[in-house]
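These notes concern the structure reproduced below.
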Amino acid sequence: MGKIVIVNGSPRAPKSNSKQYAAIFKEFYQAGASEADAIREYAVIQDEYAAIAQAVKDCSDLLFVYPLYADGIPVVLLDFLKYLEKHVPANKPQVSAIVNCGFFEPEQTKVSLSMLRLFCRQAGLPFSSCLSIGSGEAFLTTPLAFMVKRKIKQLAKALQKGRKREMQVTLPLPKKSFVKASTGFWLTYAEKFGVTKEQMDSMKIEGE
Amino acid sequence: MNLILSDFPLPELGQGPDTAVVDLSALNIHHCIGCFGCWVKTPGKCVIRDDAGKVYPLIAQSDRVIYVSRVKYGSYDSIMKTMLERAIPIQKAFIQLYRGETHHMQRAVKDKEAVIIAYGAQSPEEQAVFRKLIERNAYNMRFSSYQVLFTTKQQAAGLVKKEAAKWEKS
Ligand SMILES: Cc1cc2nc3c(=O)[nH]c(=O)nc-3n(C[C@H](O)[C@H](O)[C@H](O)COP(=O)(O)O)c2cc1C
């Protein structure tokens with residue numbers, strides 16, 4: 001194993017689920033790491049592209065942690081990938097990903113991973129491993145959070161051992177129960193702003 | 001109504017009164033910040049008050065759309081992708097089963113016949129990934145039918161004209 005750079009691709013990086021998934025990854029990766037400075041973490045909306053690219057020059061693994069946005073990679077991450085393609089590091093770190101999506105099916109993230117693979121091909125970087133997380137918006141708030149943690153641990157181990165893994169995880173619920181639970185999740189979310197179910201259910205767009 | 005969204009200015013199309021043409025490159029549209037305000041604070045309305053608020057109502061109202069975009073890594077390139085991410089106020093927070101998968105419920109959004117005119121794809125693999133993306137979009141963006149046409153930037157305008165002319169006839 002070697003040095004790893006984690007890049008958070010969420011448009012709300014400081015408050016993102018991606019940040020939490022990255023923190024879990026760090027914990028497990030650190031446990032097996034030999035160097036204190038082995039992990040560096042950046043966010044595409046907070047850090048200078050040049051600073052991230054500089055760090056990438058000195059790593060063996062590059063891990064993108066991002067949310068699914070409109071069936072693909074968030075535009076804030078897309079913009080960074082375009083920059084990195086123009087500043088490809090000579091050391092050619094291998095690229096891995098943790099992608100989380102709001103919907104139940106982790107399969108919905110597959111296209112975004114194909115995009116990341118295309119980026120790798122066009123930039124000449126090897127693609128290594130990935131973890132797709134379904135129910136990603138709510139997973140860590142449930143008593144079943146340990147299930148996603150276990151997968152992230154497996155990913156950390158795989159990277160440390162230089163193995164390629166392709167994994168996915170979601171809440172172990174029937175889809176109908178997921179739908180019910182998600183309704184509760186969003187109602188509680190809106191309640192904090194004094195917004196009712198009826199208001200959330202509005203058919204109006206821009207007030208019309 | 002009909003809507004043409006493009007990531008570069010198109011020449012005059014001579015379209016009918018029922019067709020809106022939007023050049024996204026001329027608008028000021030910030031990227032989505034993922035706050036979910038449009039679902040839980042001001043349902044149906046984005047908290048960022050820029051030009052996106054003029055575009056997503058048009059997307060909702062249209063039953064026929066043409067989207068013209070450069071392709072990058074099998075994705076829409078930044079201009080179109082930024083707008084599509086900013087269109088989530090037209091959906092509700094609530095999730096339902098739709099064609100066997102979990103998807104958000106929609107507000108007053110019409111089902112659409114979509115034509116996606118894509119330029120700049122570098123390989124058959126990239127085209128295949130982009131096609132998959134549109135297949136996924138069809139669920140979340142309510143495309144009742146769709147066509148993906150790959151072309152060059154030079155020829156994109158001509159294709160738009162041809163596809164829009166079909167609307168005028170039908
Ligand atoms: C603009 C926007 C688009 C989204 N598109 C999708 C989508 O296509 N599929 C999906 O499952 N979740 C989608 N989501 C949900 C996010 O993937 C989900 O909330 C995720 O947990 C956010 O992660 P983050 O906190 O790391 O940004 C979208 C969210 C936003 C704000």
Side-chain angles (χ1 to χ4, degrees), chain A residues 10-13 15-16 45 67 69-76 78-79 81-82 85 102-105 107-108 110-112 114-122 134-135 137 175-176 178-180 182-183 185-187 189-195 197 199-208, chain B residues 31-37 39-46 53-54 56-57 59-61 72-79 81-82 84-85 87-90 92-97 100-109 122-123 125-126 128-130 132-137 139-141:
Chain A
S10 170
R12 56 173 184 184
K15 292 187 200 159
S16 63
I45 59 152
Y69 258 46
D71 301 308
I73 289 174
V75 72
V76 294
L78 179 66
D79 284 340
L81 295 180
K82 291 196 286 188
E85 188 192 339
F103 294 140
F104 177 80
E105 300 87 4
E107 294 82 5
Q108 295 205 35
K110 292 286 183 242
V111 180
S112 77
S114 300
M115 292 169 182
L116 203 57
R117 284 192 173 88
L118 275 177
F119 156 75
C120 285
R121 181 163 350 141
Q122 291 181 23
S135 320
E137 178 69 34
K175 287 192 190 189
K176 283 205 174 129
F178 171 85
V179 169
K180 215 168 151 200
S182 81
T183 303
F185 175 86
W186 287 108
L187 287 175
Y189 202 146
E191 225 169 71
K192 282 184 230 146
F193 304 105
V195 171
K197 180 169 193 294
Q199 289 169 315
M200 292 172 77
D201 231 356
S202 170
M203 296 304 272
K204 289 187 176 170
I205 293 164
E206 284 286 300
E208 295 196 14
Chain B
H31 68 76
C32 173
I33 54 169
C35 69
F36 292 125
W39 291 351
V40 298
K41 273 190 205 165
T42 54
K45 195 168 173 179
C46 180
K54 295 182 201 147
Y56 59 71
I59 294 178
Q61 289 156 26
K72 188 70 191 173
Y73 311 134
S75 168
Y76 301 99
D77 204 349
S78 306
I79 295 175
K81 187 67 187 351
T82 300
L84 294 178
E85 291 180 4
I88 68 161
I90 72 175
K92 300 177 188 177
F94 303 121
I95 291 175
Q96 62 183 355
L97 285 182
E101 291 180 357
T102 54
H103 290 279
H104 288 287
M105 292 181 189
Q106 309 269 328
R107 303 190 197 279
V109 176
Q122 294 185 14
S123 63
E125 291 79 9
E126 188 164 18
V129 173
F130 189 76
K132 280 270 175 220
L133 171 66
I134 308 307
E135 189 184 314
R136 299 306 317 161
N137 285 170
Y139 287 68
N140 286 320
M141 301 178 187

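In what follows, chains carry the letters A, B, and so on, assigned in the order in which the sequence lines appear, proteins first and then strands, with residues in each chain numbered from 1. Values reported hereafter were calculated over all heavy atoms of this structure, with side chains retained and with hydrogens, waters and symmetry mates removed.
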Q | Exercise: do A:E85 and B:Y73 side chains pair donor with acceptor under 3.5 Å | A | yes
Q: Taking the side chain as every heavy atom from C-beta outward, state whether B:K92 and A:M203 have any atom pair closer than 4.5 Å.
A: yes
Q) Is chain B contacted by the side chain of A:P74, its backbone, both, or neither, given a heavy-atom distance below 4.5 Å? A) both
Q) Heavy-atom distance under 4.5 Å between the side chains of A:K82 and B:D77, does that happen here? A) yes
Q | Check: B:V40 main-chain N/O paired with A:K192 side-chain donor or acceptor under 3.5 Å | A | no
Q.
Please classify the contact of A:F185 with chain B as side chain, backbone, both or neither, using a heavy-atom distance under 4.5 Å.
A. neither
Q) With a cut-off of under 6.0 Å to the ring centre and 45° to the axis, is A:K197 in cation-pi contact with B:F94? A) yes
Q) Can any side-chain N or O of A:E105 pair as donor or acceptor with the backbone N or O of B:T102 at less than 3.5 Å? A) yes
Q: Could you tell me which portion of A:Q122 (side chain, backbone, both or neither) has an atom closer than 4.5 angstrom to a non-hydrogen atom of chain B?
A: side chain
Q.
Any non-hydrogen side-chain atom of A:R117 less than 4.5 Å from a side-chain atom of B:E125?
A. no
Q.
Quick check on A:I73 against chain B: is it the side chain, the backbone, both or neither that has a heavy atom closer than 4.5 Å?
A. backbone
Q: Give the member of A:F178, A:F119, A:F104 that has the highest number of heavy-atom pairs under 4.5 Å with chain B.
A: A:F119
**Q.** Part of A:L116 within contact of chain B (heavy atom distance under 4.5 Å)
**A.** neither
Q | Interface residue of largest heavy-atom contact number with chain B, from A:Q108, A:Q199, A:K204, under 4.5 Å | A | A:Q108
Q | Atom group of B:E135 that falls short of 4.5 Å from chain A, counting heavy atoms | A | neither
Q: Go through the atoms of A:K15 and report whether side chain, backbone, both or neither lie under 4.5 Å from a heavy atom of chain B.
A: neither
Q | Exam field: side chain B:R107 to backbone A:S202, donor-acceptor pair closer than 3.5 Å | A | yes
Q. Is there a side-chain contact between B:I134 and A:D71 (heavy atoms, below 4.5 Å)?
A. no
Q: Pick whichever of A:R121, A:K180, A:E107 has the most heavy-atom pairs under 4.5 Å with chain B.
A: A:R121
(Q) Out of B:K45, B:K132, B:E101, B:Q61, return the one with the most heavy atom pairs under 4.5 angstrom to chain A. (A) B:E101
Q: Go through B:M105, B:E85, B:R136 and name the one with the most non-hydrogen pairs under 4.5 angstrom from chain A.
A: B:E85
